[in-house]
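Before any comments, here is the structure.
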Amino acid sequence: MDYSQFQHPQRYVGNEWNAIRKSHTGKIPICIGYPHLYEIGMSNVGLRIIYGMLNQYRDIVCERVFLPGHDYAHYLKTQRKKLCSLETKLPLDQFQVIGLNLNSELNYPNVLELLSLGNIPLFSRERKDIIVTGGGIANPEPLAGFIDVFFMGEFEAGAEDFLRTLRASPRKQDRLRALAELPGFYIPQHYSSVFTGTGYRTEKKYPFARLPVGKRIVTDLNSSYYPRKWLVPHTSIVHDRAQIEISRGCPNHCTFCQARTVYSPYRERSAEKVLSLLEEIYRHSGYENFSFLSLSASDHSSIEELIDRAHSFCRTRRIGLALPSLRIGDVIGRLYKKLSALKKVSLTVAVEAASAQLRQRMNKHIEIESLFEAVDALKSLKIRHVKAYFMLGIPGETDDDIRSIGRLIHELKRRAGLQVNASVNIFIPKPFTGWEALPMPEERILQEKREILFQSSRGKKTKLSVSPLKRSLREAILSRGDRTLDAVIHRVWRTGGIEGYPGGNAWDHWESALREEKIDTHRILHRSLDAYPWSFLTPEAPRNQDRCHE
Amino acid sequence: MNKRYAIPTVLIKRGPMRFFSQIDLTRVIERAIRRSELPVYYTQGFTPRIKMSFYGALKVGAEGRIPLKLYFIERIDTGEICARLQPQLPAGLTILPDSGDTRG
């Protein structure tokens, strides 16, 4: 195959360093994928964990697939060819299981494009043999018609059960029946979901289905699987570095945050373990850049030791080391001396709300004003600019709260001499957050808020990017929606609403699909209910049950 | 400043590696050298990089030979360098000592 007729032909070769190629004879073939382009999907750590872990089993062969570029997709359609796995170029419909990581709601139509290019029937009920699994999202209901099994939680803790079920029977219905009795495997077709007028009621259709479904978690990050033979692409990807997860979950309780619930409870990997992973992954990959992965690195109980020892390993080998999610107080306080040894320090601050009062309400404790007093520290760390994240449309937000974003940016420039790159996202009341029951502001009001923000925050040395309104609405609808959205997603896919494709993210696709399917978006976005489509799921980690068997 | 020894080699690019660009190749060679733990020479600037000089480039999709000079801080036999690098290269890339007749 001559891939050079396509843009970025590197996407389709599949010869990455440490890619695993196995014979398929006598093995159960599983293909895992990410419903977006190669360079985005390959940046996902979860996919790498599952890839390495499943390939450890002798009787399993696990390969990868990503959404091809639009030119390659067009070629496949017009030539009547099927999308294949990267490793052995086996068509998708030859696998017994397709496993998809779905961590962005915006990618839902892409799931259908990926399956359709692989000649796999889109609706769960139309598929005879192949099981399509999904994971990585909090509210799976909008995809309920398409996905056979949603895995809830961390697959490291459920893989043994899953594989045992595959080995026990080759028949899809037997497999689903067996999975139904295990915690963490949500099989939508075994449940019904109805809107009663004041809320959603989810019920089992069969006595063997589990309710609650449960969630699987790794109890000990030190003994859980983490890939050492890091897959190294020969071309650049979005996060072009080896990433080492130093902790999972978050000990903080910000009201708006979905990640803290979905990844709960908070667990740490020991400094010893992180450093041995760093050494091993470097030896196997030769990667010139590493980063630590964590929702809140500052909270790691050995963060100082970690930075010290990782830095001394990286310095002698000229490896770049990036540290995410450090608190401002730590960057200019206790970690300042350690950070100044690093070559490049960037400062990213999730401010969320510029007014202290709003931050208090969302239980977000940061010390943004301390930057004004730390000009010397910032200078010696060679920090020239700060990246700041804000939210717009927070419950209870006043016009003056919005203007305070502009004032804060201005103060950071004037007093700390920092250029500010501000990224403003529109608040979405996400499932499983403290604010899931709050209505999202009306579109008209959000538009006014945007105007106020632009008027008050423009200026020299400021890069202001605000998430497009329609994009946020799309994300909000998909993350809060119910099962009736599958028809919308199907329509959007049919009209070409594919993220990453030219014209794919246009609102027109959604507007007409929502209208045709008579979807009540007001109920999804603005109404308080006594139960939501996702309320039957319990992502908060159970304390003493559903633990992984280690 | 470290003393450096230039080692002339030839890189042969074919098969699956023909789809990778010249920029990709520098990445592939750099990581291969890092994995081989050869005593490589780094550029001396603010951002040290592994020094290498390609004498020519091939367009994406084309197979062929590219003369490539590598730099080390110790004197090492060219044959040994190629022998230690080859196992670290993906299928489709071959590195050989440059006999001298390939450079235009």
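What you are looking at is a predicted structure, and each value in this text was computed from that prediction instead of being measured.
The environment of A:His74 atom NE2 is sparse: at most 12 non-hydrogen atoms of other residues, nucleotides or ligands sit within 6.0 angstrom. Other residues, nucleotides and ligands place more than 12 heavy atoms under 6.0 Å from the CZ atom of A:Arg283. Atom NZ of A:Lys22 is surrounded by more than 12 heavy atoms from other residues, nucleotides or ligands within 6.0 Å. When the shell of 6.0 Å around CZ of B:Arg14 is examined, it contains 12 or fewer heavy atoms from other residues, nucleotides or ligands. Heavy-atom contacts from other residues, nucleotides or ligands closer than 6.0 Å to NZ of B:Lys51 number more than 12.
Annotation: maximal heavy-atom pairing with chain B below 4.5 Å, among A:His234, A:Gln10, A:His284, occurs at A:His234.
Scanning both residues, B:Phe19 and A:Tyr3, for their nearest heavy atoms gives CE2-N, 3.2 Å.
Both the backbone and the side chain of B:Ser21 come within contact range of chain A, judged by heavy atoms closer than 4.5 Å. When heavy atoms are compared at a cutoff of 4.5 Å, A:Ser285 approaches chain B solely by way of its backbone atoms N, CA, C and O. Heavy-atom distances place no part of A:Asn18 under 4.5 Å from chain B, backbone and side chain included. Contact annotation for A:His8: neither backbone nor side-chain heavy atoms come within less than 4.5 Å of a heavy atom of chain B. Looking at B:Ile33, there are no atoms closer than 4.5 Å to chain A (heavy atoms on both sides), in backbone or side chain. At a 4.5 Å heavy-atom cutoff, the contact between B:Arg18 and chain A is made by side-chain atoms alone.
From A:Glu288, atom CD reaches atom CZ of B:Arg31 across 4.0 Å, with rounding to the nearest 0.5 Å. Taken to the nearest 0.5 Å, the CG atom of A:Asn15 stands 4.5 Å off from the CZ atom of B:Phe20.
A donor-acceptor pair shorter than 3.5 Å can be found between the side chains of A:Tyr282 and B:Arg34.
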